[in-house]
Chemist: 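One structure coming up, written as structure tokens, with questions to follow.
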Amino acid sequence: MDGTVTVEPSTHHIAPWMHIIPPDAGIPLGELLPASGNVHVARLSGPLMTGEVSTFQQFDAVLKFPPYFGWNWDAFHDCLRDLQWLSADHHVVIIESADQALAEDDAGRRKLLTSLWRSGRDRSYVKRPEGITLSRLSVILTCDKDSLEGLSAFVRTLTEQRLAHD
């Protein structure tokens, strides 16, 4: 096995820590979560992320950002990379209808998705005896089937740009 996660065909595997799925698809949790430990699951709503502030408010509510959170994209990324204030070994962020998040703010949408991807990468670790790459931060983006290809292409472009930049 090459260390990647095998998922259903309707699921777009962006990285071991990031997946884009339609709402009715499933991801085998045994392949995404550690065999033991505490897991913090944060569910957010893409349609409620209408702007930068509303996006930060949603994440702050479910991930309980510390008081020193600076309410900007750099601080957002720093908090996602840390999460030490949550007593969990693993974190799962689920954004439902992610294709609607920051729909009118292309720059903000890029920053959100790039921060999620980078934070998952920064917090990832390798391997169980079965050879599956796991992450301490998993990101699951849901969207309807009509938006699946477009959102996947958007995120893949962002990640390729980020890899070229790093």
Chemist: With heavy-atom distances below 4.5 Å as the criterion, would you say the side chains of Trp17 and Arg123 are in contact?
Modeler: no
Chemist: Val93, Trp85: one ILVMFWY side-chain cluster at the under-4.5 Å cut-off?
Modeler: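 Linked within one cluster.
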Chemist: If we only count heavy atoms from C-beta on, is the Val41 to Arg43 side-chain gap below 4.5 Å?
Modeler: yes
Chemist: Would Asp106 and Arg110 pass as an ion pair if we require N to O under 4.0 Å?
Modeler: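 A salt bridge links Asp106 with Arg110.
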Chemist: How would you list, by chain and number, every residue that makes a side-chain hydrogen bond (donor to acceptor under 3.5 Å, both in side chains) with Ser45, sequence neighbours excluded?
Modeler: none
Chemist: Would you compute the distance between atom CG of Leu137 and atom CE of Met18 and round it to the nearest 0.5 angstrom?
Modeler: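 So the CG of Leu137 and the CE of Met18 are separated by 8.5 Å.
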Chemist: Any side chain to side chain donor-acceptor pair (under 3.5 Å) involving residues 63-72? Give me the pairs, sequence neighbours left out, ordered by first then second residue.
Modeler: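 Residue pairs passing side chain to side chain donor-acceptor pair (under 3.5 Å), neighbours aside: none found.
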Chemist: Using 30° and 60° as the class boundaries, would you call the ring planes of Trp73 and Phe56 parallel, tilted or perpendicular?
Modeler: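 The rings of Trp73 and Phe56 stand perpendicular, inter-plane angle above 60°.
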Chemist: Could you walk me through whether His77 and Ser119 pass the side-chain hydrogen bond (donor to acceptor under 3.5 Å, both in side chains) test, one step at a time?
Modeler: CA-CA 7 Å; His77 176 71; Ser119 298; 3.2 Å; yes
Chemist: Report yes if the side chains of Val39 and Val92 come closer than 4.5 Å at any heavy-atom pair, otherwise no.
Modeler: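 Yes. Closest side-chain heavy atoms under 4.5 Å.
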Chemist: Test of understanding: with ring pair (Phe, Tyr, Trp, His ring centres under 6.0 Å), list the residues that count as partners of Phe65, not counting sequence neighbours.
Modeler: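 For Phe65, the residues satisfying ring pair (Phe, Tyr, Trp, His ring centres under 6.0 Å) (neighbours in sequence not counted) are Phe69.
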Chemist: Test of understanding: clusters of I, L, V, M, F, W, Y form through side-chain heavy atoms closer than 4.5 Å, transitively. Do Leu80 and Leu86 belong to the same one?
Modeler: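 Yes; tracing contacts between hydrophobic side chains, which count when under 4.5 Å, links both residues.
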Chemist: Which value, rounded to the nearest 0.5 Å, describes the distance between Leu151 atom CG and Thr142 atom OG1?
Modeler: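 Result: 9.5 Å between the selected atoms.
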Chemist: Please list, chain by chain and in numerical order, all residues satisfying side chain to side chain contact (heavy atoms under 4.5 Å, CB included) with Ser54, sequence neighbours excluded.
Modeler: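 Once residues adjacent in sequence are excluded, the partners of Ser54 under the side chain to side chain contact (heavy atoms under 4.5 Å, CB included) criterion are Thr50, Gln57.
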Chemist: Does Phe154 have any ring pair (Phe, Tyr, Trp, His ring centres under 6.0 Å) partners at least two apart in sequence or in another chain, and if so, which?
Modeler: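 Not a single residue meets the ring pair (Phe, Tyr, Trp, His ring centres under 6.0 Å) criterion with Phe154.
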Chemist: Working to the nearest 0.5 Å, report the span between CD of Glu96 and CD1 of Ile21.
Modeler: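 Going from the CD atom of Glu96 to the CD1 atom of Ile21 covers 9.5 Å.
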Chemist: For Val62, which residues count as a side chain to side chain contact (heavy atoms under 4.5 Å, CB included) partner, sequence neighbours excluded?
Modeler: Ala42, Leu44
